[in-house]
Amino acid sequence: MGGTRARWHPERVTTSPVPPLRQAVQQIPAYVPGARPQGASAHKLSSNENPFPPLPSVRAAVERAAGDLNRYPDMFATELVGALARRHGVEPAQVVAGTGSVAVLGHVLQAVCDAGDEVVHAWRSFEAYPILVGLQGAVGVRVPLDAHGGHDLERMADAVTPRTRVLMLCTPNNPTGPALHHTEVLDLLTAVPQDVLVVLDEAYVEFVRQADPLDSRAVLASHPNVVVLRTFSKAYGLAGLRVGYALAHPEVARGIRTASTPFGVNHLAQVAALASLEAADELAQRVDAVVAERERLVTGLRAQGWTVPDAQGNFVWLATGARTADLAADAAAQGVLVRPFAGEGLRISVGEPAANDAVLHVTSAWPTT
Ligand SMILES: *Cc1c(COP(=O)(O)O)cnc(C)c1O
């Protein structure tokens, strides 16, 4: 019986029937996805998806590409990366594609964070942040939002310590809605040491309509410690295909690429993203339609007496506090699926006009305080 026998390690006897998970993993809360409809009639406004079905041109490109599924995809998504570089006026070496910008963010953290390093981010913000930070064994430093649901940049700059490796900005902020202004981001960057990576998560940038909007490409051009995250999941309506990307200094981009899953972006996603870039004008019209509906929804809610933070994404926020779970259940009972954050508030995605009418109907029956 030539094999090596396991030695007896009495100090390693545990009561667990399986090898233990890392401490960091055990402590991480599970991601709570938006509710999924049980029947066909429900309005799914719980995941900030695009209410429009895929463009015919994008769908046709995906159907054609389905014939190549026995092949691995282009590992570096060369064509897509090239098209994104041209679109954003950067070098291809500055673009890294991944399976959604959430995955890209995970790779960013893997590339720069060791265990115990600090990541400063706003809170309440995107719930993937604590999960990704925790998985990395890093320490999340949460800076409370200001009274209007926006980032408190002064406090965020003050939260930077010698252990800080990353400062995350979510603009527009999911789930509350306000977006950062160009000038205030530049001010923050002068206050933050250059060896801190500042991540601009712009998942909803296409929906922003405000004065002094953040020009993240200009910021990146002048600040090598900036990473811009973009996604095809929201404005481009490709949430189901999982594709997003980072724009970064070539050295930072190299690190993100090194941490990325090989062949991560599948062939259909690459083809659909490319076809979507070619249909940018058509998609921009859809974004405009969502923005118009967002304004109608915000105006309607405010007319009902709700305090709605500035909504710059494709969603609105109601600070419903302790009533949140009950109100979400009431909405669901009426066929409107929203995203509750227990004890804090409801995030409601902007849907097609009938869905938004349904929201206003539901909220009109609720006391606004
Ligand atoms: C939806 C979203 C993303 C993008 O997610 P994907 O992985 O690209 O689908 C990133 N950041 C925020 C804040 C989001 O809300």
Side-chain angles (χ1 to χ4, degrees), residues 31-34 36 44-51 54 77 80 84 95-110 119 121-133 135 140 142 145 149-151 166-180 198-208 214 216 227-248 256 259-261 264-266 268-270 272-273 276-277 283 287 290 294 309 311-317 338-339 341 345-351:
Y31 189 99
V32 182
R36 298 180 73 89
K44 184 172 186 294
L45 304 176
S46 51
S47 297
N48 290 351
E49 292 152 340
N50 195 311
L80 176 60
L84 289 169
V95 183
V96 189
T99 58
S101 59
V102 171
V104 179
L105 175 59
H107 302 319
V108 169
L109 298 178
Q110 276 182 297
V119 177
H121 62 85
W123 199 251
R124 162 76 52 190
S125 190
F126 188 28
E127 70 166 327
Y129 298 159
I131 297 172
L132 296 174
V133 169
L135 260 183
R142 299 178 177 193
L145 296 173
H151 286 42
V166 176
L167 189 148
M168 301 274 324
L169 300 176
C170 186
T171 176
N173 188 54
N174 175 5
T176 53
L180 293 167
V198 176
V199 176
L200 305 175
D201 184 347
E202 295 194 299
Y204 304 96
V205 65
E206 295 86 354
F207 300 99
V208 173
L214 174 60
S216 55
V227 173
V228 178
L229 297 180
R230 297 282 183 94
T231 180
F232 284 93
S233 296
K234 309 286 164 53
Y236 286 84
L238 297 180
L241 276 174
R242 317 303 307 124
V243 54
Y245 58 99
L247 305 175
I256 304 170
S260 296
T261 311
V265 185
N266 75 72
L268 301 186
Q270 294 187 28
S276 299
L277 290 175
L283 286 165
V287 169
V290 171
R294 174 186 76 198
Q312 294 291 329
N314 64 344
F315 53 89
V316 300
W317 173 256
V338 300
R339 177 73 170 85
F341 295 86
L346 297 173
R347 189 194 67 199
I348 307 172
S349 308
V350 178

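When a ligand or atom number is given, it counts from 1 through the structure's own listing order.
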Has ligand 1 got any nitrogen or oxygen that is less than 3.5 angstrom from a nitrogen or oxygen of T231?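 Yes - when backbone and side-chain N and O of T231 are compared with those of ligand 1, one distance drops under 3.5 Å.
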Can an N or O of N174 be found at a distance shorter than 3.5 Å from an N or O of ligand 1? yes
Suppose we measure from [atom] to each protein heavy atom; which comes out shortest, and what is that distance?
| atom | value |
| --- | --- |
| atom 11 (N) of ligand 1 | D201 OD2, 2.7 Å |
| atom 4 (C) of ligand 1 | S101 OG, 3.1 Å |
| atom 7 (O) of ligand 1 | R242 NH2, 2.7 Å |
| atom 3 (C) of ligand 1 | K234 NZ, 3.4 Å |

Working to the nearest 0.5 Å, report the span between [atom1] of [X] and [atom2] of [Y].
| X | Y | atom1 | atom2 | result |
| --- | --- | --- | --- | --- |
| N50 | L283 | CG | CG | 8.0 Å |
| I348 | N314 | CD1 | CG | 12.5 Å |
| S46 | R347 | OG | CZ | 7.5 Å |
| R142 | M168 | CZ | CE | 13.0 Å |

Over all heavy atoms of both residues, which pair between [X] and [Y] is shortest? Give the atoms and the distance, please.
| X | Y | value |
| --- | --- | --- |
| A259 | H107 | O-ND1, 3.2 Å |
| L45 | V350 | CD2-C, 4.4 Å |
| R124 | L145 | O-CD1, 3.1 Å |
| Q270 | V265 | NE2-O, 2.9 Å |

Classify the angle between the aromatic ring planes of F315 and Y204 as parallel (below 30°), tilted (30 to 60°) or perpendicular (above 60°). perpendicular
With a 4.0 Å cut-off on heavy atoms, is [X] in contact with ligand 1?
| X | result |
| --- | --- |
| Y204 | yes |
| A239 | no |
| N48 | no |

On a heavy-atom basis, I'd like to know which of T171, V102, T99 is closest to atom 5 (O) of ligand 1. V102
Under 4.0 Å from a heavy atom of [X]: give me the atoms of ligand 1 that qualify, with their elements.
| X | value |
| --- | --- |
| A203 | 2 (C), 3 (C), 10 (C), 11 (N), 12 (C), 14 (C) |
| S233 | 6 (P), 8 (O), 9 (O) |
| C170 | 13 (C) |

